[in-house]
Each structure stands twice: as C-alpha cells, then as structure tokens.
Amino acid sequence: MRAYLKSLAMAAPALMLGLAACGNTPSVSSEPAKPAAATFPLGSAAVNAERLIAADSEPGSWLTTGRNYGEDRFSPLDQINDTNVAGLGLAWYADIDTERGQESTPVVVDGVMYLTTAWSMLKAYDIHTGALLWAYDPKVDRKKGADACCDVVNRGVAAWNGKIYLGALDGRLIALDGKTGKEVWSVQTTDTTLPYTITGVPRIVKGKVVIGNGGAEYRVRGYVTAYDSETGKQLWRWWTIPGDPSKPFEQPELADAAKTWNGDNYWKIGGGGTVWDGMAYDAELDLLYVGTGNGNPWNQKIRSPGGGDNLYLSSIVALDPNTGAYKWHYQTTPGETWDYTATQPIMVADLNYKEGKRRVVMQAPKNGFFYVLDAKTGKLISAEKFAPITWATHVDMATGRPVEIPEARYEVTGKPAIVAPAALGMHNWHPMAFSPETGLVYLPVTVSSATYASPEKFELNLDGWNTGITFTAGPSVTPVAAGGAAPKTEAYLLAWDPIAQKEVWRVPNVDTRGATGVMVTSGNLVFSGNHAGEFVAYDARTGAKLWSAPTQAKVVAAPATFLVDGQQQVAILVGARGLPIGQKRTVPVSANNSRILVYRMGGKAMLPAEMPTTTATGEKVTVKIDPPLLTANNETVASGEGLFGQNCAVCHGATAVPAAGSIAPDLRYSALLASRGQWNGAVRDGDRAQRGMPGFKASLTEEQTDAILAYVIKRANDEKAAQEAAAKTP
Ligand code: CA
C-alpha cells in the first residue's frame, strides 16, 4: 500500500516540473532539476525554481521551512516508519546560545542545516557531523524587544541561488552567503520610527524574496514586499488596508476596501492587518497566498466606529507574485474585534473529493474555523469549527460569512463578554501538516476564552500596545458569556479530515498545555513535541503514541526530516519560556535548555542529566552568568531578601531561583543587574508590563527596589561562584 501511494506521490511533481518549464522563470539557471541533494557541494544552497517546484521528488532535503511551495510539511521519506520507529535515537545535538522562544523549522539543503534562534540569530551545521560551520548574529538592538508582542522569536530562513535569507526582528531583510555566512546585502523593510518587527520566514518565488512584518498590537499598517534576491532592490509592495485618505491609493482595490472602513482612527493609529506568518505559493496557478492579521486597535468601535468589514483584515489574499497585483481574497472574520488573525499557516493541496480532485488552499486560523478554499478563485468550499468557539455559530455557505453570536461583540453591546477563543486563538503560528497519503491535516489546537470589554476612554499609547480593550469586566460587573458557558481550557493535537470537515482523532496534552508544530511523513508518522519535554512520533492514522524521547525543554517549533548519506534523520529545535515541570537546567548557555536535537535509527547520543562542567572536547564549560560585583552592604542585602520574598518570589522563585516550569525569567542571569537605570525601568516604571512584569513604583520606594537589586546581585554572584567551583571539581 505504501509503495503504491508513494509512486503516485512521485508522479505528480514530474508533471508540475513539465509545466514549470513552460512558465516564466527568468532568474533561474537552465539546468534540469537534480534529483538528489548530494549532487551539490557542501553549503551550495543551490536552490532554484526547479528544485522548489519539484521539492517532493527531492525528499532528502528540506528546502523551505514548509518543505515545499504548498507548505504541507509532508515528507515522502519512509525509512523511519510505524514498524521501526522504536529504534529511533539521538544522533547529535548542539546547545543554542540564546533563550526565549525557539520557533524555527530548520532548512536542510546541500549538506547544511540552517537554523534561526531567538533574536534572529542564525546557525549553519554540517548535517554529516553536527559541526557548526558558521553562525551569524544581526546584532538586533535588545531594546527592539519591547516592540515584539509575543517574544523575540524567528521562524526560519529561505535558501536561494547560493544565499540564505533572514528577516531580523528590527525589520531588516538580510542575504548571506550560504557557505560562509558573510553578508551579501541588507535592506531595511520597515519604517524604523514605528514598532514594526519581523519574526516570519522569507519566501522566494522566481528570484523575488517576499517578506511581511508584525506590529498590529501596537500602531502599524500591514504590508508585504518583494525584493530582488540578488540585489535587495524593492520590486513591489502590497498594502493590506487603506492608509491616509488624503493620499492616493497605492493599489486600485484599496478604493473598494476604503468603503469598508469608517472614521480616521484606523489610518492614524495604523489599522493593522500585518502579514507576519502564513504564506504559500502555487506554481501551477502562479499565485502567492498571504494571510493578514488583526485590526489595530483590536476594538472595532475605536478602530472603525460604526463597523464595516475592514478589508483586508483577517483574510487570505491571493497575489500575482510577479507584480504584487491583487487576485482574490477571502475574509475569515469581517470587522474583526478580538485579535482573530488569519496569518496562520496556509497550505496548498489537491483534495480527492467524490466529484473529483480539487486544488485547494487550507487554513485553520485563530477564529476556530477550518477553511477550504478553491485555490484558483478563492471561493469558499467549506468551513467548519475545529474547536468549541463562542463568537459565531457557523459559516453561511451562501454568503461565505460567519454567523456571529451577537453577545460576542462587546464593543457593540457595550457589555463585557467572555468569548472563545481568547486572543491567542484556537490555533496560532505553530505549523500544521497535511499528508496526501492519509488525507488528514494534523494541527495543534489550544482551547481558550477571555473577557473582552471596551475601555471607558481610549488613549493612544506610543510606547506599547493599543488593543482598545480591557480584559476584565470591571468591579461588580458580571461579563456575558457569549454562546453559553465558556469551553474548558485545553490543548490537543488534532487529526482533521479536510474533505468531510470532521475530527478523526485527537491526542490531549493532559499535564501541560500549549501548542507545538507538526510534521507528517510517508512512514505513517506524525512528529510533534510538547510542553512536558518530549518529542513524540504518533501513528498518523490512529494517533497512537509509537515513540518518544526526552527533550529537557518545552517544544514549540516544528520538525524537519532529511537524508544524511542515504539515511533518514529527524531534527527538532527545542526551547520555550521556562523549563518543563521537574526539569533541571542542563545547557550552560541557555536557561531554557535550548538545543537542536537530531535523531536517526540506532542513534546512541545522550543528553546530559546535569549541567555539564566540561565540553565534549574537555574544555571547562563557561556559563553565561555575568553579574556585576556586589557593592551593597549586608544590611541592604538582608533588607532586599525580605522585600524580594514579599514582592518577587511568587513569580521569580524563593531565593531568586525560579521553580521548574516557571515562565518568569531567572533574574540571576538578567542583564538588568548591570544597569540600575534599566532595572528601575522594568521594576519601577513597568517597561515590561506588557510582558507580564508590572511596575512597582506605587508600592516600593527607590531605596527598597535598590535593596532588591542588591539581593539579586548577591544571589547571582553566589550562583557564579558555585558554578566556578563545580567546574574546578574533577
Ligand atoms: Ca495580533
């Protein structure tokens, strides 16, 4: 059965290749596609249109983060399969020298694995040995972290014509030499006076590097831009929403879009609609699909008083990749007011309906509906709830519009409402996967609800978020539960039949909630991690757990699989906020045990059970703990200890050591210790309030926060001394 299915899977790309040869592919070499990655020298990054279009016939590589242009994250490899996966073991691992969220899927091409980490840093490993070939740090100003709504993450790179392309958090698009990591060119894609960020992956279509950005929690207007892959010259830009009405529309369709907006707030504040993650390309139709984000501010009454659809927020939009011209759109959440983005991963696939095969675009955005659209026209084929939402009952197939539950529109009723999902959505950026062999989509679901309410007065915040929402009903107000009782908070891996639009199986995350990216293979395996610290292989048809390995870290990213000298391997980047419950820190250079883990059949490598004191080559491990010298007296430190216990310990841990699984950072490693000004900014003035660290100006005197600082510096020096002593012990 498997062999039969596989031969079908191999036939399709050959047809596509034939079509592509007739297409307009100007900046591509005329060489025929090479069937195997090993044909090119190490680090060639010799990716071109033929290889990308025929990615399914080159299963030894993982050419783009989504694996192919359709981004189905399905690997035709089946050496590791449901009969032998029990023998899968660790081949090698490498410690990652950043912490925070690690969201990147590796790109593996011509013998090299290219991986991004937090702070837009990039590493290139030799897949044969695990040796680090080069590393690149764009040296993003750490102050830029204040503009990142959801951590200083990066989801990966693109490879093309010898170069590797990286979007940096500060809005730069950077091209690097694939062999050396040397910068070839760099362009600023954003207005640096505005809180734009890049966390998403560049896509490359016919020599054009396409990149979006984020920032719609702050005050920006969304767009997506294409640059020349060789020079960095801007080729086209598509704005997702209309701008200042006193100026001409940048694109003809914005004239119609402007009729769906009201008032002046939206363009003055930004309006949102950022293209921060999902994109896919269909080489047959020559269409680029992009997902657009939420409104800015979220609250529609403030953003567009009187309502309106607010095109093209929360939409899947098809563009001509040659010119950036608009082709069609489907808006998932007209007039969105809950942060219901449609930037989630987009997949292009052929679905075998009873009536025949259909080319479709699929998305499971935050709002909880699974959408199947006709790839050529954007016509809605079907939409069903994949999670228990309470903002809408269903999608009306005659109009293609959601039928809302009126109570959910808190900004219209004036009554605070509990609505499911909350702003993080029933599905967020975490990659999903589609297997043409099982016909199923595998997606990580997070069920949530939250209270949404309009503020009494909206004031523009130039330094932080502008949601236009208060997340509590207010004193003595009971919020309305839209659509009945809110669903219980839970998370699960869901196998979904996109034709029948129904669930086939689910694996609940019982102990620890949170989503993790997914990959599926021709070995009838779904690979995904979890927040309990495991990397797991499930039976793609039944969801049965067939194999797992400890990761010592939370996993949010998605895996990749590829061949090394003909042998299948699987890689996953691990590390997220905090450690799994009960897990010790074992990575000297990262408090959340960030690592790249690579598996092969019979792999015998082991992760260290304790913090290592020497490296594999016998050198002493140097831990990145670098506190300033303690200058305060004992009395101050003792006072600080008491104040820390009363004010800080509940999140940052008794004795300044966070509990396992805590999401609060280990302050002993904080760079703030070296700067009283920055310490006061965070601790007194609330600079990090949007990231969960409130300011204590109202309750603590400056003398008291100075004493707490002295205590934490003391604890950091204690830890530094302990680590140095441990490193000296033979
Ligand atoms: Ca958002």
Side-chain angles (χ1 to χ4, degrees), residues 101 103 144-155 167 169 171 190 194-200 212-224 240-241 265-266 269-279 290-304 310-317 331-346 363-369 389 391 408 410-411 419-430 446 448-452 458 460-461 463-471 515 556 689-692:
E103 298 189 353
K144 191 63 188 167
D147 293 341
C149 74
C150 314
D151 209 351
V152 293
V153 295
N154 188 282
R155 284 180 289 277
L169 190 73
T190 55
L194 290 171
Y196 282 106
T197 51
I198 296 179
T199 59
N213 48 54
E217 269 60 78
Y218 297 79
R219 48 189 180 91
V220 305
R221 178 186 175 203
Y223 59 87
V224 58
T240 62
I241 60 167
N265 272 348
Y266 74 89
I269 295 170
T274 49
V275 180
W276 59 262
D277 191 52
M279 288 188 221
V290 304
T292 69
N294 56 277
N296 180 204
W298 297 356
N299 186 329
Q300 198 197 15
K301 193 175 182 183
I302 298 168
R303 187 180 71 235
S304 176
N310 297 171
L311 292 169
Y312 298 94
L313 293 182
S314 303
S315 300
I316 299 170
V317 184
Q331 189 174 39
T332 63
T333 315
E336 93 78 23
T337 194
W338 308 272
D339 189 24
Y340 290 171
T341 67
T343 45
Q344 281 53 57
I346 295 170
Q363 193 193 44
K366 279 186 181 180
N367 77 14
F369 284 105
I389 62 172
W391 72 276
Y410 60 93
E411 86 286 12
V419 185
L424 284 175
M426 294 299 190
H427 172 223
N428 206 304
W429 62 270
H430 309 82
T446 49
S448 64
S449 60
T451 299
Y452 291 81
F458 173 76
L460 185 65
N461 176 1
D463 298 317
W465 286 30
N466 286 293
T467 61
I469 289 176
T470 58
F471 297 98
V556 290
Q690 294 294 353
R691 284 187 276 160

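Just follow the structure's listing: the first ligand is 1, and inside any ligand the first atom is 1. Computed over heavy atoms, backbone and side chain alike; hydrogens, waters and symmetry mates excluded.
Only protein atoms were considered; those of element N, O or S under 3.0 Å from the Ca ion (ligand 1) number 4.
Partners of Lys301 according to the side chain to side chain contact (heavy atoms under 4.5 Å, CB included) rule, which considers only residues two or more places apart in sequence or in another chain, are Asn299, Glu411. The side chain to side chain contact (heavy atoms under 4.5 Å, CB included) search around Tyr266 returns Pro242, Trp261, Arg303, not counting sequence neighbours. Residues meeting the salt bridge (charged side-chain N to carboxylate O under 4.0 Å, His left out) test with Arg155, sequence neighbours left out: Glu103, Asp277.
Looking only at atom types and distance, the side chain of Trp298 has no donor-acceptor partner in the side chain of Glu336 under 3.5 Å away.
Between the Asn154 side chain and the Leu169 main chain, no donor and acceptor come within less than 3.5 Å of each other.
Just one of Thr337, Thr470, Thr451 meets the side-chain hydrogen bond (donor to acceptor under 3.5 Å, both in side chains) condition when paired with Tyr410; it is Thr337.
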